[in-house]
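Values reported hereafter were calculated over all heavy atoms of this structure, with side chains retained and with hydrogens, waters and symmetry mates removed.
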Amino acid sequence: MGDLWQVTLVSPPYTVLTYERPSHFPAMTPGLRVIVPLGRSHRMGVVVGPAREAPSGVEIKPLIWPLELTPILDEDYLDVADNLASRQMASVGRILEILLPRGLRTAAVTFRVDRHVAGRDLPGMVRPSELSRFSPKDLSALMELWLAGRMRVRVNAKREAEERFVSLVSDPPWAVRPNAKRQLRILEHLLDNGPQSLFALKHSLGEWAPDTAAKMEGRGLVALGELTADRLAEVDEGPGRCGEAEPPTYDLTPEQRQTLAELSATMDNGGGAHLVHGVTGSGKTVLYLEMIRASLERGRSVILLAPEVALACKLYRNVLTHFPGQRTIFYHGYQSPKKRERTFIGVAREQGPVIVVGTRSALFLPVRELGMVVMDEEHDESFKQEDRLAYHAKEVAWYRVERSGGLLVLGSATPDVKTFHAARNGAIPLSTLRERVGDAVLPEVKLVDIGSLSSGQAFAPETVKALRETVKAGGQAIVMLNRRGYAPLMYCLDCGETVRCPECEVGMTYHKGRERVVCHYCGLSYAYPLLCPKCGGSNYVPMGEGTERLEERLVEALPEGTGILRLDSDATRRQERMEEILSAFGRGEAQVLVGTQMISKGHHFPGVTLVIVADGDLGLNLPDYRSAERTFQLLVQVAGRAGRGDRPGRVLIQTRNPGHPIWNDVLSGDYPAFFEREIGRRKLFGYPPFSRLALIRISYPADCKNGPAALSAFKRVLEQYKGGLGVTVLGPAPAPLSMLRGRRRFNCLLKGGDWGALRTLFAHAAQANSDPKQVRISLDLDPLTTL
DNA sequence: AGCACGCCGACT
DNA sequence: GTCGGCGTGCTC
């Protein structure tokens, strides 16, 4: 009998099982992907190590076939997966399933044997199921071919076809028959969820979806193939479509030189995290580039992370111009599985140092010899993934550089309060950039009291005046409103009801361009105009403001012919639109850009001299411990878009609450002052960083009979164990959005000294779930929002 | 995830 | 009566 190995399955049941290495098999290393038999079928698994003894009571089966000559994954990678698994209380197999591109974790493969050598008795194509029936002699012969590289792995054609991405080619209304239900469902689904693979479409809509989508491609309703963003990024040279790359600057300011020296010191002192707090426009990108150079000189790879694709793309351009000839890789979660698969293998097979630029998922590329990770805009919430696998890129990056002795650069104008606290305590080094580069100065920020504004007006006279002046002077303006759509409420004049989502019990937002009312929480939408379900009337009045309506108001308020662009997730549903809008505005093709917080993120528009915040109070008074931090960050970031060129900028923030203490700090842009006040408040109430916070989310279908009983069972268990673990429990109480997608929701906030206690308490509660089919309970450690 | 088993509805 | 839907259960 051959030796025994532990294999973790990367598909259900995700367990670690023991298999025998058959005699024809080559030597094995952890990380090797293999096909294993399971029941009457077969799976892909990853070898984790030798098994000391055989488990009792089961028949040990032999491994079927390896999927690579040398493992793509090394022990470092498995260790990161292991770490994530223990933090998530999930199995390693489940984690690997999420981290690996689809083509690298499917067992639906065919081995193609080289035509020239496949003998008469050996077939040209072999499936895993056939391999288990081969004679030992044939298996040995085949293995010789495999080891000689004359046998290739290919993902099955049907699987492969489902990897293709479907995307919209035009905005609504679409040219389809109104009763073409399936086609409309696909179009609506794509509008709500963005481009996605046929595979994903099949899963969310049904078996019919791929066929219907293929037919729709023929009629020009959708596009099938690689994502446009991929194609953009594949153009490695030529004029940048991701915005202009900043020209190489070698004239560093004294502040920049100082920071560079400090970063180098951390790098050479065994690495670790280092916070760079630099005001907007202080030239952090140049520092990243210089540090990349330093890392490459030491023969070590670099991962450069930005919070979103457009920003990552801009950084990528910078890297390309700075390091011509260097192996650089662009990677993000919206690339097609096929492209991600190619990149993944490419990175694993790379011998020398590489530069990876991307969004948070790039952190899971199997980069070896990792010398540095840079997280630009480190405070940004998109570095935390919430769905499927909950992780914060900062924690993973921290873990990775700690293992490799690398440097983690955290850069921001408005750092995360927790990060800044660590820096203030001396736990991590801090470098500060107080001035903008070149002749640019920080903009002047002013409040505009809109308390007396009538409900039909969105802008104060002062705001309109500033906009007109800016446009007249040939400058550019940005108008931010953190609420998309036309109007957040539709009010029925006949009976006084507002349109509400039946699944979530919240108001539905009117989207004029889409001719629909949409629930922003679950995505459910109705065609508009519609009849009031209560009185049958159709006299709806839109109430409140969204970006779409704001755009309309700007058209009215500004001189005819003023170019106005809108940037929000509705305007950018089609993948390429965001780049188009951003670069059109960057080229000065429009004078006003109106949008949601999307426009606040790190973009560099030298022509912008005026920034308007249409509603500065939005989000300020939410019952969430981080609402002040979030508002400060958002406002300072958007203010930072003004005056980045040679002309000074100004910022007008409209508010109904000019007396609020936060404005002092926002007006002066004084982060340390904001921090001192905020950290005092956190200490007083025992919020992070003075405690560990976790949110338990409990939900059950609105019609579930034993839901309330399950809820009180959880409550009992939490009360029973909390004292012993030193955890404070608030709730469970109905969530602020007490109904979502037809499910009743409850939140329970846990506050404790360490993560372990919070996990343990959750484990006790989860164990007490008597009806896991209906009642869902989940844990969110360090939640972004406690709402 | 696959594949088998098992229990209900609508058809040659 | 059978065919076939998909709920449930198991996999070294």
Considering only heavy side-chain atoms of A:R40, the closest of C:dC12, C:dT11, B:dC3 is B:dC3
From the candidates C:dC12, B:dA1, B:dC3, the one with an atom nearest any side-chain atom of A:S41 is B:dC3
Length of the line joining [X]:[atom1] and [N]:[atom2], which is rounded to integer Å:
X     : N      : atom1 : atom2 : result
A:R21 : C:dC12 : CZ    : C1'   : 17 Å
A:M44 : C:dT11 : CE    : C1'   : 18 Å
A:L9  : C:dC10 : CG    : P     : 17 Å
A:K61 : C:dT11 : NZ    : P     : 10 Å
A:H42 : B:dA1  : NE2   : P     : 15 Å
A:I60 : C:dT11 : CD1   : P     : 13 Å
A:L4  : C:dC12 : CG    : C1'   : 10 Å
A:R43 : C:dT11 : CZ    : P     : 12 Å

*Identify whether any heavy atom of A:Q6 sits under 4.0 Å from a base atom; if not, whether one sits that close to sugar-phosphate; answer base, sugar-phosphate or nothing.*
nothing
Between the CD1 atom in A:I186 and the CG atom in A:L221, the distance rounded to the nearest 0.5 Å is 10.0 Å
Between the NZ atom in A:K715 and the CD1 atom in A:I698, the distance rounded to the nearest 0.5 Å is 10.0 Å
**Prompt:** Can you check whether A:F383 and A:Y391 have ring centres sitting under 6.0 Å from each other?
**Reply:** no
*Non-hydrogen side-chain atoms of A:R743 and A:R776 separated by less than 4.5 Å*: yes
